[in-house]
2 protein chains.
Amino acid sequence: MRTLDHPAREQMRLDAVLMALADPVRRHIACRLVESDHDQACFSFEVPVTKSTASHHFRVLREAGIIRQTYEGTSIMNALRREDLDARFPGLLDAVFRAQHLQHP
Amino acid sequence: MRTLDHPAREQMRLDAVLMALADPVRRHIACRLVESDHDQACFSFEVPVTKSTASHHFRVLREAGIIRQTYEGTSIMNALRREDLDARFPGLLDAVFRAQHLQHP
DNA sequence: GACGTTGTTCGATGACCGTCGTAGTACGGT
DNA sequence: ACCGTACTACGACGGTCATCGAACAACGTC
């Protein structure tokens, strides 16, 4: 079984989280996950980049601790690590999501 | 009289704000301003970089709309644009400041 | 087993960023 | 008028980032 590395809750670094969310493509992915209550495969996100670039962005989000990725057949399902994020950096995710919505309604 | 360009409240972009706060030196400056209630000159911040680099960071913070800079003699006084930030991106500054404190108590 | 789907990995490339030193500007004080 | 202080502007350098295409790997299906 293939596995993917995820940082533990205490290992999340604010640098990495803010850097990850500063990119518009990654923020779009993260905000889509905030909105939907169920996991989503990578291909279901409509991002204006190629497959390899999207793969890179998912990896950055995962290594920052923002998403959790699990293999599911040929797909990878992406879930927001909301509990971990809220515990480590309270209010941050909500604020970013709200800000994104205010700017791009 | 010398003047400095500041973005209007509506012109602030989330990209620029998150990008600015992703850098540790700039986040240190911003958090120092959150803590202190009065304006502070550039030289009063103890940052581990040279003058020119610090000047660059202050410019990034100003152009993102995070700080307001005004000339005062030979110095430049820096003030947090808290009202504008809270109006444009509610809760964001507080969340980042709190996260910074949780990580670096 | 062959094929399509889904994503990763590996260079390569161009752009941007943080950093610095040097030179220059503006201002206040002597 | 001169000097020191506070900061900016400019050019340069190295590192990192986003992006891409091509090749590869894993899985399900026919």
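Just so we're on the same page: letters track the sequence lines, and every chain starts at 1.
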Using the test side-chain contact (heavy atoms from CB on, under 4.5 Å), find all partners of [X] that sit at least two apart in sequence or belong to another chain.
X: Ser75(A); value: Ala41(A), Phe43(A)
X: Ser36(B); value: His38(B), Gln40(B)
X: Glu10(B); value: Ala8(B)
X: Glu46(B); value: none

Any residue meeting side chain to side chain donor-acceptor pair (under 3.5 Å) with Arg62(B), in chain and number order, not counting sequence neighbours: Gln69(B)
Once you build an axis from the first five pairs and another from the last five of the helix from dG1(C)-dC30(D) to dT30(C)-dA1(D), how far apart in angle are they, to 10 degrees? 20°
Protein-nucleotides 4-6 of chain D N/O pairs closer than 3.5 Å?
from, atom 1, to, atom 2, distance (Å)
dA6(D), O4', Thr74(B), O, 3.4
dA6(D), O4', Thr74(B), OG1, 3.3

Integer-rounded Å distance: [N] [atom2] and [X] [atom1]:
X: Asp5(A); N: dT8(C); atom1: CG; atom2: C1'; value: 14 Å
X: Arg27(A); N: dA18(D); atom1: CZ; atom2: P; value: 12 Å
X: His57(B); N: dT8(D); atom1: NE2; atom2: C1'; value: 15 Å
X: Tyr71(A); N: dA26(D); atom1: OH; atom2: C1'; value: 8 Å
X: Ile67(B); N: dC7(D); atom1: CD1; atom2: C1'; value: 13 Å
X: Leu61(A); N: dA18(D); atom1: CG; atom2: C1'; value: 14 Å
X: Ile29(B); N: dG18(C); atom1: CD1; atom2: C1'; value: 13 Å
X: Asp15(A); N: dC17(C); atom1: CG; atom2: C1'; value: 14 Å

With a cut-off of 3.5 Å and sequence neighbours excluded, list every side-chain donor-acceptor pair involving residues 16-30 of chain B.
from, atom 1, to, atom 2, distance (Å)
Asp23(B), OD1, Val25(B), N, 2.9
Asp23(B), OD1, Arg26(B), N, 3.2
Arg26(B), NE, Ala20(B), O, 2.9
Arg26(B), NH1, His57(B), ND1, 3.1
Arg26(B), NH2, Met19(B), O, 3.3
Arg27(B), NE, Gln100(B), OE1, 2.7
Arg27(B), NH1, Leu21(B), O, 2.9
Arg27(B), NH1, Ala22(B), O, 3.2
Arg27(B), NH2, Asp15(A), OD1, 2.6

Taking Ile67(B) as the starting point, is it possible to reach Val34(B) by hopping between hydrophobic residues whose side chains are less than 4.5 Å apart? yes
dC20(C) phosphate, OP1 or OP2: any side-chain N/O from Thr53(B) under 4.0 angstrom? yes
Might you list the N or O atoms of the protein lying below 3.5 Å from N or O atoms in nucleotides 9-17 of chain D, with each pair's distance?
from, atom 1, to, atom 2, distance (Å)
dA9(D), OP2, Arg59(B), NH2, 3.3

By ring pair (Phe, Tyr, Trp, His ring centres under 6.0 Å) - contacts of His104(B) (at least two apart): none
Using modelled atom types only, decide if a donor and an acceptor are shared between the side chain of Arg81(B) and the backbone of Arg68(B) within a distance under 3.5 Å. no
Sorted by first residue and then second, give each salt bridge (charged side-chain N to carboxylate O under 4.0 Å, His left out) pair with at least one member in residues 91-105 of chain B; sequence neighbours left out. Arg82(B)-Asp94(B)
For residues 29-41 of chain A, which residue pairs qualify under salt bridge (charged side-chain N to carboxylate O under 4.0 Å, His left out), counting only residues two or more places apart or in two chains? none
